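First up is the structure itself, then whatever we jot down about it.
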Amino acid sequence: MPRLPQRKSFDIIRLALHGCTNRPFYHIVLTKNTRPRDAPPFEQLGTFDSMPNIHNEKLVSLDIERIKYHLANNVALSKPVEKLLGLGGLLPVFPMSYTIAKRNRKKMEAATNDTEEHLQEEDTEKSQ
Amino acid sequence: MAASTTFRCSSLSSACRLLFQKQTAGYRQLRFLSSSSQDNSASDAVSAAPENEERDPFPVFVQPRVQELLTRITGFDLMKVAGPQKKPLQRPIYKLMTDEQLNAELSSAKERLQHRLQMPPYMKPRRPHLTPLSVDPELAGFDKSNYVFVDISFGVKDRKRSVVIREVDGTLRVAPWDVKERMNQIYNPREGRHVVKPSMFEEANLERMISEKRYQYVLDRACCQFEPDDPDFIRTTHRVYNAVDQCGDYEHLRSTRHFGPLAFYLAWHSSIDGLLVDMLDRDKAQDARDLVVLFADVHPDSSCAAAISELPQQDDDVAVIKTYLATDCKNKDKVELSLRAMVDSQRSKGKTQNSSL
């Protein structure tokens, strides 16, 4: 019987999904990478509310002191967490954030151009 | 840039090393969320404000001498500090005590009640943070909403908590004060404080409350809801102090925690005449003297302060009040009349006591 090689096991700071149906809410937790996503963590290091509130803000709470301690101990970070820490100014901005920002800007430009063209077409139709 | 992708590479140890290198480099570059840099940014924002602003009342307010004067004129009316209050019904507790035990209990209760008279600090309004922590136009449009980052490290006090906001256009800045207050209330809720400002503090409703003379209620609630350097707190309290001064309702606030700040407000704005007249009318010569000394302490450059320091006997209440009358008093006739009435009544009292002896 061929055995699968054992996965490498290391500590990681990542998001655990705690919310209910259609209402995501994340805990930023320290666990082993091999553990299930929402399993009881070693330590909770913060929260992330991915749904904007009435002031159009997404709230992130971070236990900065403990996160710094774990970073100094060579803990790994998942991509979403690294992105959050980058946006918060604790780490350099995550490269993918720049790419996504660029894509979003492009999309918005395209959308505005489209609407402008539409408006112009409508204007010409009206004048005719 | 490449370091972040190494996380998925097979050799984990090298990935971790790279990550760590990147992180340490990151710390050197930007440590916005750490508390020390937060302080720096706050001072930056302060320095951005104009320099020729009026002086800060807070250092004067916390001088031990001023605090002593304020606590002394506040008074301690037991019925007002611990008088009947609306409370859910409960059975009374009866105890059998010796006189000694009763006195000890009374004195301990008094000590406990002194805490209720702790004055809210008198501060000037805080300034908005102006300088952004970092401007990154490359990051504009990364999301449709702002991200607010709150430090919830163990033991961080609300006033020291660092809250930063990454705006949609990519700038990272210290969160505006209202956002910070909101976050404090969300992550560290306090009893009696609401996330949304109660409509009671809107101008029209505030006017109504003041016309109903519910000064203490408004001030208590403002203490609960706002920080002492919140512009809203300062606006509300000053509005109430003004109303109290105009209507002469000083008795409403005597023996409450708001009397000290009221007296300080009046002294700071050089309009203590109304309060002085009220004190003289109530035969509180000691309080009136303390008020004049407070005025002199708050305005050390005034002619009144100079005159008082030159007085031969500074303990003489009437002499101190008379120097104020001669120098900085704006409503001389009224104060003089009240002073004379008080002196006369004291003299007649002394006579009756002498005759009875």
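Chain letters run A, B, ... following the sequence lines, proteins first and then strands; every chain starts at 1. Worth saying up front: this structure is predicted, and the values here are computed from it rather than measured.
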| task | List the atom of B:F154, the atom of A:E65, and the distance in Å for their closest heavy-atom pair. | result | O-OE1, 4.2 Å
| message | So for B:Y187, is it side chain, backbone, both, or neither that comes closer than 4.5 Å to the heavy atoms of chain A? | response | side chain
| query | Just wondering, more than 12 heavy atoms not from A:K58 lying within 6.0 Å of its NZ? | reply | yes
| Which of residues 101-122 of chain A have a heavy atom under 4.5 Å from any heavy atom of chain B? | A:A101, A:N104, A:R105
| note | Exactly one candidate in A:L87, A:V93, A:I100, A:T99 meets side-chain contact (heavy atoms from CB on, under 4.5 Å) with B:F142; the answer is A:L87
| said: Tell me the closest heavy-atom pair linking B:F149 and A:L84, and the distance in Å. | reply: CE2-O, 3.2 Å
| Flag if over 12 foreign heavy atoms under 6.0 Å of CD, B:E203 | yes
| field | Nearest heavy atoms of B:I186 and A:L59, plus distance in Å | value | CD1-CD1, 4.0 Å
| So what's closer than 4.5 Å to chain A heavy atoms on B:V179: side chain, backbone, both or neither? | side chain
| task | Can you check whether anything in residues 40-57 of chain A gets within less than 4.5 Å of chain B, heavy-atom wise, and list it by number? | result | A:G46, A:T47, A:F48, A:P52, A:N53, A:H55, A:N56, A:E57
| said: Within a 6.0 Å radius of atom CD on B:E212, are there more than 12 heavy atoms belonging to other residues, nucleotides or ligands? | reply: yes
| task | List the atom of A:I64, the atom of B:S153, and the distance in Å for their closest heavy-atom pair. | result | N-OG, 3.3 Å
